[in-house]
Amino acid sequence: MLNPVNTDMVIRDGGAHGRYPGEIHEAVGWWLGACLVTTLKTHRIAVAHDGRASSVVFFQRLCRGAINAQHHACSVLALRVADEGTLLRAMADLGDVPGARVSTATGPEGTEVVSIVVYGPDGKPLDEDTGLASIRRMIADDRVPIPVNETAKGRIEHYPHPDTGQGGQ
């Protein structure tokens, strides 16, 4: 792993959380996307973010990681800017698919704190028993999935924004 993180500190509470820069970096988005897909053995996820600049970067990496997860050829349905409720409704509308949402908050002394919450098909954040421990272990052991070949690569699709029928920003 070129740029490791303290997985016990960062991968917790339903996803990845940390001060940016410092405790977390953009590659964590890729790692979470790839590990979410392979851990849940899914071919489809829904993903959103809160619109803040740092969130967009992590969102883009998460999407790329998910489409490059081994042989799963995952379709990432990108809501782009959406709150948690909108994401959860989209996940349910899509047939109870897993999902993820990236958000950024201002922490102490003006630092940014990035959170990537990953959800199971039931709409609940993953916990230790539903996949989070497996994801943490994969990242800690530098076993983040990569595509087996180009035909196994998934794709990113823009999901129509529920309020307007258009893609979010």
Side-chain angles (χ1 to χ4, degrees), residues 1-5 7 10-18 24-50 55-82 84 86-103 114-162 167-168:
M1 184 179 312
L2 294 176
N3 196 0
V5 297
T7 53
V10 171
I11 310 297
R12 59 181 168 76
D13 301 330
H17 313 276
I24 194 170
H25 54 78
E26 297 93 337
V28 174
W30 177 290
W31 301 342
L32 233 63
C35 292
L36 175 67
V37 169
T38 56
T39 298
L40 298 183
K41 297 175 177 44
T42 188
H43 296 282
R44 199 172 187 198
I45 64 170
V47 183
H49 63 82
D50 66 1
S55 298
V56 172
V57 173
F58 281 83
F59 166 86
Q60 290 168 339
R61 292 288 184 99
L62 190 144
C63 291
R64 285 191 225 129
I67 67 170
N68 282 290
Q70 290 181 335
H71 61 278
H72 292 278
C74 185
S75 292
V76 174
L77 302 158
L79 278 75
R80 293 183 254 173
V81 178
E84 182 185 44
T86 302
L87 172 64
L88 295 175
R89 282 189 299 280
M91 290 166 51
D93 290 346
L94 291 164
D96 298 322
V97 300
R101 184 169 185 273
V102 183
S103 61
V114 174
S115 290
I116 306 170
V117 179
V118 288
Y119 301 89
D122 60 0
K124 295 178 183 171
L126 294 184
D127 62 26
E128 295 301 306
D129 297 326
T130 59
L132 197 61
S134 296
I135 290 171
R136 182 185 310 106
R137 192 170 39 259
M138 290 170 78
I139 293 170
D141 293 346
D142 196 19
R143 299 186 55 82
V144 175
I146 59 173
V148 291
N149 60 48
E150 190 62 28
T151 59
K153 189 173 181 177
R155 66 187 182 286
I156 299 169
E157 303 172 17
H158 295 292
Y159 186 77
H161 197 277

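The basis for the numbers below is simple: all heavy atoms, side chains too, and nothing from hydrogens, waters or symmetry mates.
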Option passing side-chain contact (heavy atoms from CB on, under 4.5 Å) with Leu36 (candidates Thr39, Leu40, Leu32): Leu40
For the student: nearest non-hydrogen atoms of Ala16 and Ile24, plus distance: CB-CD1, 4.2 Å
Straight-line distance of Leu132 CG to Arg12 CZ, nearest 0.5 Å: 10.5 Å
From CA spacing to verdict: side chain to side chain contact (heavy atoms under 4.5 Å, CB included), Val28, Trp31: CA-CA 5 Å; Val28 174; Trp31 301 342; 4.0 Å; yes
Please output the side-chain donor-acceptor pairs of residues 117-131 that fall under 3.5 Å, not counting sequence neighbours, one pair per line with the distance.
unit_1: Tyr119; atom_1: OH; unit_2: Glu84; atom_2: OE2; d: 2.7
unit_1: Asp122; atom_1: OD1; unit_2: Lys124; atom_2: N; d: 2.9
unit_1: Asp127; atom_1: OD1; unit_2: Asp129; atom_2: N; d: 2.9
unit_1: Asp127; atom_1: OD1; unit_2: Thr130; atom_2: N; d: 2.9
unit_1: Asp127; atom_1: OD1; unit_2: Thr130; atom_2: OG1; d: 3.1
unit_1: Glu128; atom_1: OE1; unit_2: Arg136; atom_2: NH1; d: 3.0
unit_1: Glu128; atom_1: OE1; unit_2: Arg136; atom_2: NH2; d: 3.4
unit_1: Glu128; atom_1: OE2; unit_2: Arg136; atom_2: NH2; d: 2.6
unit_1: Thr130; atom_1: OG1; unit_2: Asp127; atom_2: N; d: 2.8

Heavy-atom closest contact (Ile45 atom, Cys74 atom, distance): N-SG, 4.0 Å
Spacing of OG belonging to Ser134 relative to CD1 belonging to Ile139, to within rounding of 0.5 Å: 11.0 Å
Inter-residue atom distance Leu87.CG - Leu79.CG, 0.5 Å rounding: 6.0 Å
Side-chain heavy atoms of Ser55 within contact of Val114, under 4.5 Å: no
Any donor-acceptor pair under 3.5 Å from His17 side chain to Ser115 backbone: no
Considering all heavy atoms, the nearest Val76-Ala66 contact: CG2-CB, 3.6 Å
Which side-chain N or O atoms in residues 93-101 pair as donor and acceptor under 3.5 Å with protein atoms at least two apart or in another chain?
unit_1: Arg101; atom_1: NE; unit_2: Ala82; atom_2: O; d: 2.7
unit_1: Arg101; atom_1: NH2; unit_2: Ala82; atom_2: O; d: 3.3

Minimum heavy-atom distance Ala34-Ala69, with the two atoms named: O-CB, 3.6 Å
Euclidean distance, Thr38 OG1 relative to Arg143 CZ, rounded to 0.5 Å: 10.5 Å
From CA spacing to verdict: side chain to side chain contact (heavy atoms under 4.5 Å, CB included), His49, Val81: CA-CA 5 Å; His49 63 82; Val81 178; 3.4 Å; yes
Candidate pair Arg155 and Ser75, rule side chain to side chain donor-acceptor pair (under 3.5 Å), full reasoning: CA-CA 5 Å; Arg155 66 187 182 286; Ser75 292; 3.2 Å; yes
Minimum heavy-atom distance Arg44-Leu77, with the two atoms named: NE-CD1, 3.3 Å
Residues Met138, Val144; criterion side chain to side chain contact (heavy atoms under 4.5 Å, CB included); working and verdict: CA-CA 6 Å; Met138 290 170 78; Val144 175; 5.7 Å; no
From SG (Cys63) to CZ (Arg80), nearest 0.5 Å: 10.0 Å
Smallest separation among heavy atoms of Ala78 and Ile156, with atom names: CB-CG2, 4.1 Å
Residue pair His25, Trp30: steps toward the ring-ring contact (aromatic ring centres under 6.0 Å, His included) verdict: CA-CA 10 Å; His25 54 78; Trp30 177 290; over 10 Å; no
